[in-house]
Amino acid sequence: MCFLHIMKTISEDALISYWLRAPFSEITDFFSILEVCLQNFRYLGKRNIVRKIAAAFKFVQGTQNNGTLKGSNSSGQASGLLSQWMHSTSSHDGHKHHRSQTLPIIRGKNALSNPKLLQMIDSSTACNSNETDIIQYVDTEANIATEVSLTILDLLCLYTLNHQRQLQQSDCQNALMKKVFDTHMLFLQINQSAAALKHVFAALRLFVGKFPSAFFQGQADLCGSLCYEILKCCNHRSRSTQTEASALLYFFMRKNFEFNKQKSIVRSHLQLIKAVSQLIADAGIGGSRFQHSLAIINNFANGDKQMKNVNFPAEVKDLTKRIRTVLMATAQMKEHEKDPEMLVDLQYSLANSYASTPELRRTWLESMAKIHARNGDLSEAAMCYIHIAALIAEYLKRKGLFSMGWPAFLSITPNIKEEGAMKEDSGIARSPIPD
């Protein structure tokens with residue numbers, strides 16, 4: 001907290017001067033400290049804090065009734081620690097002391113068994129702290145978390161504004177860019193208040209606008225990470241956050257289109273499809289919240305007058321349609337796990353949705369082959385492997401390592417033309433070719 005207070009009150013000139021003199025190791029340490037601050041003062045959510053306090057009260061009352069809590073008695077002093085803890089927000093004397101003392105207690109993993117917290121609650125049961133005190137403390141926790149986030153966000157924006165040349169070295173493919181980007185991503189990886197998230201999304205729009213080559217040129221790692229985190233926010237319970245995330249995602253795709261001289265959104269298309277497949281397993285996306293976000297993105301595409309005469313809106317709609325197909329097929333697969341034929345049909349639908357992404361298409365084709373083989377349908381399994389071979393051949397042809405591509409298998413089946421739908425992105429690090 002002391003570090004953040006200094007960072008908030010120090011002059012911008014002094015900070016910029018320090019950054020210019022500091023070696024790279026110190027700069028990375030500086031951002032690492034900012035990340036530690038974000039983690040320690042992360043927003044827990046009002047309901048979560050109240051739930052912990054209520055559970056702790058219940059635990060103390062139960063142990064008091066059983067006589068198992070040391071030093072518990074109903075005649076505790078009215079000046080108990082919990083009373084001081086909660087009333088610290090309205091007191092100016094010792095305000096910083098009380099605030100800094102409370103944070104680690106409620107934020108700990110074993111908060112309910114923390115002796116200091118139990119002692120506070122034990123004392124407070126005698127002085128009958130009211131519900132207003134708890135709400136006041138919860139608001140203080142929320143405000144501190146938001147203030148910490150905004151302070152760190154200001155520091156990030158100030159740094160990127162004054163160090164664009166260093167961040168743009170090697171077409172933004174450098175260690176400093178990676179560190180600054182990772183700190184930005186931490187805002188989306190840990191819980192944030194809705195107020196803080198609005199500023200986070202605004203900062204990310206500025207960041208993408210200043211450094212598009214970091215996402216749309218070279219390796220696709222940063223692009224993939226950002227797509228994953230934005231899509232996760234599209235599934236957020238808050239409608240305002242869903243709208244902000246959808247707007248950022250649309251802005252990101254539009255920047256990709258402009259970066260490619262209004263030709264395509266290949267990079268963002270591929271990385272978003274991959275991110276969806278990861279989120280299905282990680283977070284179980286696909287409900288009404290996520291569908292609402294997809295509808296918002298489509299509305300942005302329909303209402304963007306500057307893009308009406310190009311194919312960008314059509315590409316956006318095609319992408320959202322593919323994502324919906326993936327989500328629907330995945331949900332149906334869970335319902336038809338014991339129906340082999342229906343399961344294979346769904347696998348095929350999903351594989352077609354991944355036609356533009358060779359890594360994912362190969363995965364689902366292999367999954368189809370295993371289902372066919374398990375059911376004794378060996379010819380169907382063999383056909384799946386032929387499609388995989390054609391997919392790899394097409395990939396090698398586009399890399400200049402094979403002469404024919406998918407047409408080499410046309411004599412076996414006319415359906416092999418499907419493997420020609422692959423979209424190219426030089427930034428994909430992984431290959432569909434097995435090691």
Side-chain angles (χ1 to χ4, degrees), residues 187-188 192-209 212 215-216 223-280 283-332 349-350 352-357 423:
F187 283 95
L188 301 181
Q192 299 286 345
S193 66
L197 274 175
K198 288 183 179 180
H199 295 278
V200 170
F201 288 127
L204 285 171
R205 283 194 293 271
L206 286 173
F207 191 74
V208 172
F215 303 96
F216 309 127
C223 180
S225 297
L226 183 58
C227 288
Y228 180 90
E229 298 301 337
I230 298 175
L231 283 174
K232 199 164 62 173
C233 291
C234 287
N235 202 42
H236 199 276
R237 63 180 177 273
S238 167
R239 279 296 174 95
S240 63
T241 300
Q242 290 174 28
T243 303
E244 290 282 350
S246 301
L248 175 58
L249 191 55
Y250 180 79
F251 173 82
F252 186 73
M253 290 188 289
R254 181 172 171 171
K255 277 294 176 184
N256 188 186
F257 188 74
E258 292 171 353
F259 187 83
N260 289 341
K261 299 179 181 179
Q262 298 193 344
K263 292 180 180 178
S264 69
I265 56 169
V266 173
R267 171 65 64 90
S268 53
H269 179 110
L270 297 181
Q271 296 307 316
L272 284 168
I273 290 291
K274 289 176 68 175
V276 167
S277 67
Q278 291 173 325
L279 282 167
I280 288 172
I285 63 169
S288 58
R289 295 173 184 170
F290 195 77
Q291 295 290 349
H292 176 71
S293 295
L294 293 178
I296 292 174
I297 294 170
N298 276 335
N299 289 337
F300 281 135
N302 292 331
D304 195 341
K305 295 181 180 179
Q306 294 181 350
M307 292 289 170
K308 280 192 174 181
N309 297 324
V310 293
N311 66 336
F312 177 68
E315 291 212 27
V316 172
K317 292 176 185 177
D318 175 65
L319 174 59
T320 55
K321 182 180 178 181
R322 287 177 185 272
I323 291 174
R324 283 196 175 96
T325 302
V326 170
L327 295 173
M328 182 177 64
T330 303
Q332 289 178 335
S349 174
L350 202 50
N352 284 341
S353 295
Y354 287 138
S356 61
T357 315
K423 290 191 176 183

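- When all heavy atoms of Ile230 and Ala245 are compared, the pair lying nearest together is CG2-O, 3.4 Å.
- Contacts classified as side-chain hydrogen bond (donor to acceptor under 3.5 Å, both in side chains) and involving residues 251-260 (residues at least two apart or in different chains) are given here: Arg254-Glu258, Arg254-Asp304, Arg254-Gln306, Asn256-Ser268.
- By the ring-ring contact (aromatic ring centres under 6.0 Å, His included) test, Phe290 is found to be paired with no residue, residues two or more places apart in sequence or in another chain being considered.
- Residues satisfying the side chain to side chain contact (heavy atoms under 4.5 Å, CB included) criterion with Ala196, sequence neighbours excluded, are Thr146, Ser149, Gln192, Ser193.
- Remark: Lys274 NZ to Leu270 CG distance equals 8.0 Å, nearest 0.5 Å.
- Put simply, OG1 on Thr243 and NE2 on His236 are 12.0 Å apart, with the number rounded to the nearest 0.5 Å.
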- Task: Let me see the working for Ile297 and Leu319 under side-chain contact (heavy atoms from CB on, under 4.5 Å), right down to the final yes or no.
- Result: CA-CA 10 Å; Ile297 294 170; Leu319 174 59; over 6 Å; no
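- For Tyr228, the ring-ring contact (aromatic ring centres under 6.0 Å, His included) criterion is met by no residue, not counting sequence neighbours.
- Partners of Arg239 under the side chain to side chain contact (heavy atoms under 4.5 Å, CB included) rule, at least two apart in sequence or in another chain, are Gln242, His292.
- Under the side-chain hydrogen bond (donor to acceptor under 3.5 Å, both in side chains) criterion, Lys198 pairs with no residue at all, not counting sequence neighbours.
- Between Leu279 and Lys232, the shortest heavy-atom distance links the atoms CD1-N, 3.9 Å.
- When every heavy atom of Ser246 is checked against every heavy atom of Ile296, the shortest pair comes out as CB-CG2, 3.6 Å.
- Taken from CG in Leu197 to SG in Cys233, the straight-line distance is 6.0 Å, to the nearest 0.5 Å.
- The closest donor-acceptor contact from the side chain of Asn299 to the backbone of Ala295 lies under 3.5 Å.
- Ring pair Phe252/Phe215: centre-to-centre distance below 6.0 Å.
- With rounding to the nearest 0.5 Å, the separation of CE in Met307 from CG in Asn302 is 14.0 Å.
- Here the closest non-hydrogen pair linking Ile265 and Met253 is CG2-O, 3.4 Å.
- To the nearest 0.5 Å, atom CZ of residue Arg322 and atom CG of residue Leu272 are 13.0 Å apart.
- Ring geometry, Phe312 versus Phe257: the interplanar angle falls from 30° to 60°, so the pair is classed tilted.
- In this structure, Gln271 and Gly224 approach most closely via the heavy-atom pair OE1-CA, 3.5 Å.
- Annotation: side chain of Val208 is in contact with side chain of Leu226 (closest heavy-atom distance under 4.5 Å).
- With values rounded to the nearest 0.5 angstrom, Leu249 atom CG is found 12.5 Å from Glu229 atom CD.
- For the pair Glu315 and Ser264, the tightest heavy-atom approach, listed with the atom from each and the gap, is OE2-CA, 3.3 Å.
- Between Arg205 and Glu244 there is a salt bridge, with a side-chain nitrogen of the basic residue lying less than 4.0 Å from a carboxylate oxygen of the acidic one.
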